[in-house]
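Below, read A as the first sequence line, B as the second, and so on, with proteins coming before strands; counting in each chain starts at 1.
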Amino acid sequence: MGAADVLVPHLSLLFQSGELSMHRYRSHKCGELRATDIGSEVRLSGWCHRIRDHGGVLFIDLRDHYGLTQMVADPDSPAFKVAETLRSEWVVRVDGKVRSRPEGTENPELPTGAVEVYVSEIEVLGRAAELPLPVFGDADYPEDIRLRYRFLDLRREHLHNNIIKRGLIIDSLRRRMKEQGFFEFQTPILTASSPEGARDYLVPSRLHPGKFYALPQAPQQFKQLIMVSGFDRYFQIAPCFRDEDARADRSPGEFYQLDLEMSFVTQDDVFDAVEPVIRGVFEEFGDGKKVTPKFPRIPYGEAIGKYGTDKPDLRNPIEMQDVSDIFRGSGFKIFARILESNAKGAVWAIPAPKGGSRAFCDRMNSWAQGEGQPGLGYIFFALDNGATVGRGPVANNLGAERTEKLRAQLGLADGDAVFFVAGDPQAFYKFAGAARSKIGEELDLIDKDRFDLCWIVDFPMYEWNEEEKKIDFSHNPFSMPNLPADEFLALDSDDRDRILALKAIQYDIVCNGVELSSGAIRNHRPDVMKKAFAIAGYDESVLEQKFGGMLHALSLGAPPHGGIAPGIDRIVMLLCGEDNLREVVLFPMNQRAEDLMMGAPSEATAKQLRELHIRVVTSGPG
RNA sequence: GGGGGCGUAGCUCAGUUGGUUAGAGCGUCGGCCUGUCACGCCGAAGGUCGCGGGUUCGAGUCCCGUCGCUCCCGCCA
C-alpha cells in the first residue's frame, strides 16, 4: 500500500456520492457484468433493446456492442417514472446497483443472466422515433427497407456478427500474409482506364478537359509494377471497381480482394504460399466444418467434362462421363444420329445415385424443359427377378446389352438412375453442369458441413470468337502461355488448332461451387507479350498505346512473377453461411447499384459540371 | 438490354368464381398488471390493395401498360 491510497476513499463510496471518478457514460460494457460484480454500483450506456413493463416492475434489456444486461426498476426507484417513458432503441445512460437475480429467474441464455442492475438513475442520451425496422428479433424484412435503414439492420445481431466476423477474417488474412513475408502496399484509386475486362468507372478530370480517370478494376498493373520495382512479395486488401451488373455473389460497383503478387516464382510456389492462407481462414472461421486438407488440382478441360463448369461444387459427388461409344450406332436413334452427323457430337451421362424412380426422372425431365431444353433422357435401374435391369424409353431402344455396359461403366445399381445430354459439348456443357447440380440438390447428395476447395488449372489461353471470327484472349492477356518462350515465339499465327489448344499458366480457387479467386504467372517478356497480342489480332501500336507503361517496365528488367487475388467478400460470405454478398458488406448497394441510404448516385450541381467540363445529355427516344 | 418471381396496414401474410363495410398475427399507441426475458390481458389507431388505364352493373381479384424489389441470362477476374 502506498501513501496515496490513504487519501483515496473507497471506490464504492465515491460511486455512491454520485460524483468524481465515474466515467461520463459507463463503468462497464453491457456484456460484462457477472455474479462477481454483485453489490457494485455501475453505470451502463446503450440501447433499450426490449422493454417488459409489468406495471409494478419494469425490465429493460440494455444492449451495446458487447452484450445485453437486464435493468430492473420498481416504484421504489427514483428512476421509475423515467423508466416508464422509455421506448425501443432509445439510447440511455443508466446508473444502478448490480444484484443477483431472484432464485429461479436467472437466464442461462445470457452471459450476464445471473445478475441484473437495479436502476437508480436514467439519462436519455438519444430518443428514437418509431422504427421502420425492429432491432429486436430476427424477422425478415424487405431488402430495400433494410438497405435504406442499414444502420438499424446493422444493430441486429445477425448482420452485426457478420461484419465483426468479416473484420476478424481480414485480420487473420493479413496476419497470415505477413507471416509468409508478404508486405502490404497501397495503390492508387484514381488511375487510368484499362481497356480490357469489365466496364470502368470513370472520374472526369477538372484540370484536363475531356479526360477521365478510371477507378481500378483491380490493381493488376500496379502489383506487377511493384514486382518490377523489386519488392518481391506484395499484398493488399484491395478495393476493386467494376461497372457491371450484379448477381447474388457479385456486388455491383465495388468489392475487395486479397490481392497478392510474388517474384521469381512458379505456379507451385504461388500455390504453396496461398493454399495455407485460404485453408487457414476456412479452418479458423468455418465453425468446425471440414476443410479440404490438400486442394486437388483439376485441369479446366477435366472440370468441364466431369462437372460441366469451371467452378465445380465438389461436395456434389456426381461425376459425368462421356458415353458416346455406347450410343454410337445404337438403337436409340436420336443420339445415334447426333453422333453420326456431327463430328463434335457427344453423349454425356450424369449418374444419379438413388434417383432410380420414374417420378424423379420425370420431374428432372420437366425441369429440363423449363430450362429451355427438349428434355432429359434417362434410364433408371430396378431389380427384376433378381437381376438389375434398365427401365425407360432410352433403355428400351438401347437394348439390354448396351444398357448393361453403361450400368457397369458408371458403377450404378438398382435404385439408381442416369441422365443423358447429347450434342456439341461446347453448346451443352453448361446445361449438363446445371443438371448435375440440380440432381445433387434434389437427391440431397451435397454435404452442407464441408468446404471443398480445389485449384482449377490449365485454362485455355485463347478462345474462338464466333461472332467476329477471330481469336480472343480467353482470360486476361497478362498471363504467360504454358509453352517455352522460343516455341511460343515460333508459333504460326494461322495455326488455329494449335493456338486454341494452348494453355495459359493461369488458375482459380473454387470452393463449394463459388469462384474464390483467380491468378496467373504473368507474361513478363515483352517479346512474348507482343506475340501473344499479335495472335489475338492486336498489332504492336495497339499494345504500345494501351499497355505502353507496362511494356516499358517489362523491357527494363522485369523478374518472372505471378500472383492471385482471392475475393474477400466471397470468402466471408461462405464462412458466414450466407448466399448473398449484401449480408457480409457493411454498406452495400442494391442490385441497381444504388445506395438507398446515402442516395448515390446523385445529380451533380451545374457548377460541378461546369468545372468538370461535362454536359449531361439525356438520351431521347430510341 | 432480355426473361422469371414478387408487390394487400409499419412488417409477415390471408382474401373463394369478379359481389355487402378488405381480415389475422407481429409491431405502434392507450389502459391494467411486482419477476419477465418472444411477458400476459383489454382496447384503439393504422389501407390510394405499387401506380395509370381498360373490361364490367360491380375489380384487391380479369386485361394492357408502367414503376419498384429480387433472382437469372447477357455482361463480368
Worksheet item: Between U70(B) and Arg146(A), is there an OP1 or OP2 to side-chain N/O distance shorter than 4.0 Å?
Response: no
Discussion item. Looking at Arg247(A), I'd like to know whether one of its side-chain N or O atoms comes within less than 4.0 Å of OP1 or OP2 on C73(B).
Written reply: yes
Run the side-chain donor-acceptor check on residues 454-462 of chain A: report pairs under 3.5 Å with partners two or more places apart or on a different chain.
from      : atom 1 : to        : atom 2 : distance (Å)
Trp455(A) : NE1    : Glu275(A) : OE1    : 2.9
Tyr462(A) : OH     : Ala532(A) : O      : 2.8

Worksheet entry | Counterpart residues, side chain to side chain donor-acceptor pair (under 3.5 Å), relative to Lys438(A) (two or more places apart) | Glu442(A)
Is [X] touching bases, backbone alone, or none of the nucleic acid, heavy atoms closer than 4.0 Å?
X         : value
Pro134(A) : nothing
Glu103(A) : nothing
Ile145(A) : sugar-phosphate
Arg99(A)  : base

Worksheet item: Just by distance, do the side chain of Arg156(A) and the backbone of Pro134(A) share a donor-acceptor pair under 3.5 Å?
Response: yes
Worksheet item: Between the main-chain N or O of Arg436(A) and the side-chain N or O of Asn316(A), is there a donor-acceptor pair closer than 3.5 Å?
Response: yes
Discussion item. With heavy-atom distances below 4.5 Å as the criterion, would you say the side chains of Gln221(A) and Phe547(A) are in contact?
Written reply: yes
Practice prompt. Provide the distance between the two P atoms, one in U61(B) and one in U8(B), to the nearest whole Å.
Written response: 13 Å
Discussion item. Measuring only the C1' atom in each nucleotide, how far is C49(B) from A44(B)? A whole number of Å is fine.
Written reply: 23 Å
Regarding [N], can its base be found pairing with the side chain of [X] as donor and acceptor, where the two atoms are less than 3.5 Å apart?
X         : N      : value
Arg101(A) : C37(B) : yes
Asp245(A) : C75(B) : no
Asp144(A) : G68(B) : no

Check nucleotides 39-41 of chain B against the protein and report each pair of N or O atoms closer than 3.5 Å, with its distance, or say if there are none.
from   : atom 1 : to       : atom 2 : distance (Å)
C39(B) : OP1    : Arg50(A) : NE     : 2.4
C39(B) : OP1    : Arg50(A) : NH2    : 2.1
C39(B) : OP2    : Arg50(A) : NE     : 3.1
C39(B) : N3     : His54(A) : NE2    : 3.4
C39(B) : N4     : Asp53(A) : O      : 2.5

Practice prompt. Under 4.0 Å from any atom of RNA chain B, heavy atoms only: list the residues of residues 569-592 of chain A that qualify, in numerical order.
Written response: Asn580(A), Arg582(A), Asn590(A), Gln591(A), Arg592(A)
Worksheet item: How far does CZ of Phe282(A) sit from CG of Leu574(A), to the nearest 0.5 angstrom?
Response: 5.0 Å
Worksheet, complete the sentence: Residues passing the side chain to side chain contact (heavy atoms under 4.5 Å, CB included) test with Arg50(A), sequence neighbours excluded, are Arg52(A), Asp61(A), Phe136(A)
Worksheet item: Should stems be defined as at least three consecutive Watson-Crick or G-U pairs with both distances under 3.5 angstrom, which of them involve RNA chain B?
Response: B:1-7 with B:67-73, B:10-13 with B:23-26, B:28-32 with B:40-44, B:50-54 with B:62-66
Worksheet item: Rounded to whole angstrom units, what separation is found between the CD atom of Gln220(A) and the P atom of C76(B)?
Response: 16 Å
